[in-house]
Structure formats: C-alpha cells, structure tokens
Amino acid sequence: MKHRVRERPLSLLIFFIVFCLLAFVVYPIVEVFFYPKANDFVSVFHNARYMRTALNSLMMLVLSTLSATLIGFVFAYTVTRTDVPGRKAFKFITLLPLFSPPFMVSFSYIMMFGRNGLITKGLLGLDVNIFGWHGLWLAQTIAFFPVAFLVMEGVLQSISPMLEYAGRNLGANGFTLFRTVTFPLARPGVAGAALLVAIQVLADFGNPIMISGGFSVLATEAWMRVEGWADIAGAAVLSIMLLVPSLVLFFVQRYWVGRKSYVTVTGKMAQVNIQKTGKVMKWVLFTVCAAVSLLVLLVYVGLIVGAFVNGWGYDWTFTTRYITEIATRSKELVHSLSYSAIAGFSSALFSMTAAFLVSRKKFPGRRFVDFTCMLPAALPGIFLGIGYSIGFTRPPVDLYGTATIIILSMIFWNISTGYQTGIGAFQQISPSFSEAASNLGAGSLRIFREIEIPLIKGPFFSSFIMSFIRAITTLSVIVFLSTSKNAVATFSIMNLVSDGFYGKAAALTCVLLVISFGTIGLAKLIMGKQVQFFKV
Amino acid sequence: MAQAHVIIREVSKCFGKTKVLDTISLEIEKGSFTTLLGPSGCGKTTLLRTIAGFYDVEQGEIFIGEKKVNDVPSHLRNAVMVFQDYALFPHMNIRENITYGLRIRKMPQDEIEKKLETTAGYLDIKNLLDRTPGEISGGQQQRVALARALVMEPEVLLLDEPLSNLDAKLRVSIRAELRQLQQRLKITTIYVTHDQAEALAMSDTIAIMKGGKIMQVGSPSDVYYRPDNAFVASFVGTVNFIDGTVRSVSDEGVEVETGGTTITVRERQPAGKPAAHPPLPGEKITLSIRPESIRIVEHPAPAAAFRDENVFRGTIKDYIFEGSSIRYWGEALGKELLIDVFNPVENALHTGDVWFRIDPERIHVIPQSIT
C-alpha cells in the first residue's frame, strides 16, 4: 500500500531528496551538454583524431566484451553445471577483481609482461611491448570477465536442472544438450551480461590510461584534452560521445533483456545432483579456468612483489621502505580513507531513504526519483567527473580543490547500487509490518525509524561497504576533480605509474587492496550472512 | 504370472549417509499400470529416477525387457519420463517441445509430422501447438508433457506425480483420462504418487514404500482389504486398530480376545489366494477394521435377526458431515473408533449411547510379529 503524503517532516525529506538529485545528478549532466558551443559539436566530424578515437573505443568495446563474456560464461558454466575439480577456488579467484581498483590489472601486467617484465624479460628473456590495444584487450578481459561471470552464474543457477534431465531423457546428451537446451535458456542472461560488460569497457579509464600507450580511447582522450590543452569543451564533447552509447546499452540491458528472461517459467526447484561431465570436456574447462585464474592471481603477485623490491627491472632486492613510507606519510591515503568512508555512508543512507520513499510512498516526483537514482549506473565515471568539474568549480559554487567536491561525486556516482539493493530489500519486507505500526498510531518517520530500518540493516550495511569500496577504488570519477590539495590514492597511483615510480605505486595499490579485502572480510565476520554483495 | 517387463533386483542407493533405497526388488508386468506409493521421503521418486537412468545403480540390477540397463544411459533405455513440474522447455513452443526427442533422433520431417498429429490428437492439444509453455494452463501443460513422452513411443512410461500441480477437480478428471489412455495404448507405466486415492483408482498393481523399503506389493483390493502390516493399513485409507490375542481357530471363525471381550473374525479370502499369515491360537495380533465396516444401531436387534456377535455397547462423541457419508467418532471396547455411515438419512444423526456391530467378514488380522 502506498499512501499519499500528508505529514510535514516527510514532505521535507522528499524535498531534500529531490533537491539533491536535481543539484548533484541532473545539473552536472546538463552542464556538460551546455558547456560546449554548437561549433564544438559540429567540428567532431572534421576532427580525424576524434573519429579515430571513437573507432578505437568501438573496437575495444567489441573485442573486450566478447572475450570477457566468453570467459565469464565458461567460468559460470563450469562452476554451476559441471563436476570439474577446483570449482570453489575458481569462483573465489573470480570474485577478487570485483573488489579491486580496475586499473590495477594494467599496472600489474606492465610489471609482469612489459619490456622490463618479471615474466617476459626476467623469466623468458623476451622483449615484449605490452603497451597498445593488445595489452588493453588483455587487461580489460581480466578486469571485467568477473562481472559477466556473476550475472551468468545467477542465470545458470536459476535454470531448473529438470529441464536438462528432460532433454537427456529424450535423447540429447553432451554437446547436443548444451546446444538445444542449456545455452538457449541462458541466452538472455548472456546478452545481459555482455551489455553490462560493454558499459564497463566503454567507461573504463584506468586501464587505457596506463597500458594503451599511443592508442587512445574516448575516456583517455577526454582527459588528455584537459591535461594537455586545457580544452574543457573538447573533453565535454568527447564525454558526450561516450555517454550516448553507454545510455543506449544501459537501457537495452534494463528494459529489453530484462523482460526476455526464462528464469521464472518453471516453478519448483528440484534438488538434483550434477551429471558427470565428459572426460575431454572436463579437462578442457579445467585448463581454461586454471589458465585464466592464474592470470588473475599474477595480477596480485605482481603488485606484491612490486611493493617489496627496490627497483623494478634492475634491483630485485627486498625492501619495506615503500610500504613504510606509504603507511606513515601518505596524505593521499588518509584522504582516500576519510573521503570514501564519509561518501560510502552518505551514499548508502541517501539511497536507502530514496528507496524507502519510492517503494512505500506516493508523492509527486516519485518517478523522477526512481529514474534519477538509477541514472548514475549508466554514466561513465569520466562523464560525471567532467560534469562536476564544469558545474562546481566556478562561482557561485566554487568547490575547486576541496574535499567536498570529491566526496559529493563519490556519493552520487554510487547511489544506483545502493538504491537497487534498497528497492529489492523493501520489496521483500511485507508492507503489513508498517501497516500494523501505522494502525497502532505510529507516524511515517517513526515507522521508518522503528520498523523499516531494523529490517533493512543488512542491505544498508552491504550497500555502505559496496559504496565505500567503489569510492576508494575509483579513478575515473575523481580524475578531473583532483588537485594536489585533495588528491586521493588512486589519483596518486596514476601519476606515480606514469612517472615510473612503480615501487611506490605498487605499495599504495597493495594498501588499497588490503583495505578493500579487509573491509569485506570484517563485514562478513561481523554481519555474517546478512551482508550480500552483488545481487545481480 | 504374465511376462515381467521391468525387473528391479535388490537395488540399493545412498545419498551421503542416508539409505534411500534399501534392497528393493520388484517385477513389473508388461502393459500394466504400476504405482509406487508412499509418504514423502520414502524413496519412490528416487526409484523412478533410477529406472529412468538419472541416478547410477550402486547396488543391484535393473532390467528393461531382457536387457540389463545398469550402464545404459537414460536416452537409450526407452523409458521416457513425465516430470512433476513438467519440465517443458520455455524457449520452445509446444510443437517444438513435443517433437524435440524425435528431432534429436533425426527422424525424417514427414514422419515427425505424422506422429505429432496422432499424439496431439489423442491428447486433444492440436490447437495449442504454436503457443509457448508460459501461455497455456497447468492442465494443458500436463497434456503437453505427456505428449512429449508418448510421441517417443517408449517401452516404459514413467510418471513422477504428474497430477500434483493441478487443482482437485482437474486431478480427478485427468486421472480417469490417463488410465483410459494407458489401457488403450497398453503401455507399461510406472507412476509415482503420495496420494492413496489416486493409486487405488488408477493402478493394476501398487507397491507401497516406506523408508526405502517396499512394504507390500499387490492389487488395489489386496492392499486395501488385506494389508500385510499396520503401515499399509493406515497409509491406504483410514483404519481402526484393535490389539488382541487369538483364543481359538475353527470353521466358525477366529475368536479374538481383547480387554475381556471376544471379537469373532471370519475373513473371506478370494479364490486361489490363501491368507498370507493364517492366525494361530495364542498369537498376539492386531485387528484392522475399516470405518465403513462398522454399523451403528440404536437398539440391538433380536438374536434371530443376525447372530448376536460382535455387537458392543458404546457412545457417539462427535461427527462431521461429508455429503455422501457421515464420519462419527465413537467409543467402545475402551477405544476410540471411527465409523463411516454412507448414504446417510437427513436429520437422522446418531447421538449418545448406541450399539456398534462389526462385520466379522470384514475384519483383517495382522500378526504383531510383522508390525
């Protein structure tokens, strides 16, 4: 039951939410569109460099999406549908990159497979140039296949094994069964996964800035315009070129693929054993998963080794000076921690409140709140960053170089995940609890505080942790907003890598990873099953 | 005995540490309708799936026809299954669902069409062929699932509680239809259910299972009138149990003493079927008496009218009206008794003190050594 709002405090709350969304989501987006002059848009088509950049982005979109989705599917199929040994380990390894800064893959692969690479040069004695589209392809595949895995694991799990039994019973087995039953049922899920990966690949800034060398994509080119030429209008145009396909992918994923799912067709889930996998298939799957898992693990090995050796590529002696230096004297790390903690908490609070209002109340602007809370999920980080830098660094609102601008961008970039979690949570809590409370005389806010909040503690905590980790590992959003005064760790890692200070950069990345994994571990320890990440 | 079509010989199976099938042996006649009946967790579905080839046979042997099928994969056993939730492929329409198995067999298109035509005709689903499983009702899905199995012309048809997802009325009508279809096609059918009424109505043979073991195999009237043990008696239908000791056995019947009273039993055995466990004097036994075998009389009739045996004084405690019958809760012989009165006269309820008469021919004796 949704009630029309008549209470005063509640109206104020709604006003506050709507105001924030207008000011911190809608306004920056609009600013990006209005900043460039008409001429800037027209000149895109004459600018060979822009066109080439766009083509590069498109090429990476296709390549990385295909490879990441394929590998994600192989993993998901292996984990859910086979008896290949080591399935639990594969799943665990796959989840690691989801809690890590995305640029970390590129950084580590430069150290492992680059010209001075530990593996390429040190072990194999090869001279390999990893900079360029091929390095980017590898890095994006490893960074984003876990996203595809997660979606498709859910889809494959929800396909009733009874359907496969039925197929087997009617004469299909092995590959025929896969081709005629399992895969067609999973197809909508595969499409959904591919679209989600595509959005991430398109918006990816950290990997190309580190590894793609002279091969520029839209996200990095936008940054170059600002860094090299102070051409904000050009950056805005480029980020719009990035936004449009992102939005299209996002809406196709949400409204088209979402409806084509077969998941709910059959009712009861039967508990049945997994059928034995054919011997050849089993070893093929095992080999693929093991090889990819090794590549994932190498990322972390590279970073750890990098953080503890004196000079990468020429002096392999052990040192702890980088780690001590970071731990004792890094103001960027302090910034990262404090900004992300504030942003993560505020973001969770804001999105849960919005989710409460949308799922329980009827008020003018409800659809606006719903839509705007989901919108940031479709925005490339770069785009939002430019929006904030255009919108909030000139009078009347000049937040240039402040902590506030970084925190605000982190809050509103992350509301979508929290909001989705919140909507899901409120759907599961029966409205009759609040009806009972209301029947006994409690007002709306009191119900929210005393009935709903205790019930959504788990989802709230999960979205706090998730927002915190996304905030502390993001680079794309804050890259346009960072100055020497308010720099955070990811920004400083980017600069350290580009200046060749690998040791310090690796140490800083390792500390970020420890914080990120530590937070997850702690959350699981305290809250147990109540915290759930990535309900896709 | 007619030719055995499916033979299950000492089959056992464990899931982890629980033994779900415990040395099961069963022979299933060609063309018969056999039901595996039992409460949930008794192993009936596991046994069916083992026959279908979804589970490995860990111990024992299964034969279909002359052939041992332990190591034959599911699709080569020619034992096709209809699943409890139908397992219709949601990404195919009804036509594609039904012909799926034939297409996998690479049967020529015109032959597929012909078979589809016949089977869809039998089941009256010709008008549904172009729809998808999500667009048809539960009863229709049930027919499609059956068609998908029958079109394969299986040697053995396996049905896993196929009616359990339908509402009560539909269940009764499809029950009759399924039985008629099976009779017409003369196809060996193994049916799993927990519903004893369904089992009695449809089967040639019922195998009652409990805790991974078969408790009794027999025709519906065997298991209803002559249950081997107390479990079968109480699982199939409703029953009153009275414990007692056999005093004497003669042509006049068996005299059983219980709590100081004597009950006479003259159970009739069908021709050619001697009692499985004839009672012996001095033996401890349990009497199994169906509620419809007890009559309620307001006054005991004169001795001449019926021999004044098995008439006991008692009281009526409670009743429920069920339309075609009334069920009474009474008390006699120091025990609570259930009594069903069929074709009851309106406004003629029995109350208070009455007499109960138990028909001596309708009492079944179960030796306590078995239960």
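By convention in this document, chain letters (A, B, ...) are assigned in the order of the sequence lines, proteins followed by strands, and residues within each chain are numbered from 1. Just so it is clear, the values below take in all heavy atoms, side chains as well, and ignore hydrogens, waters and symmetry mates.
In this structure, B:R184 forms no cation-pi arrangement with B:Y122, as its terminal cationic atom is not both closer than 6.0 Å to the ring centre and no more than 45° off the ring axis.
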Is there a side chain to side chain donor-acceptor pair (under 3.5 Å) between B:Y191 and B:E198? Walk through the geometry before answering.
CA-CA 10 Å; B:Y191 186 94; B:E198 220 166 271; 2.5 Å; yes

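The ring of B:F83 has its center no closer than 6.0 angstrom to the ring center of A:Y165.
Contact between A:Q140 and A:S64 at its shortest, heavy atoms only, is OE1-OG, 2.8 Å.
Only the side chain of B:M152 comes within less than 4.5 Å of a heavy atom in chain A; its backbone stays farther off. Contact annotation for B:A79: only backbone heavy atoms (N, CA, C, O) come within less than 4.5 Å of a heavy atom of chain A. Looking at B:D56, only its side chain comes within 4.5 Å of chain A, counting heavy atoms on both sides. Both the backbone and the side chain of B:R148 come within contact range of chain A, with heavy atoms under 4.5 Å apart.
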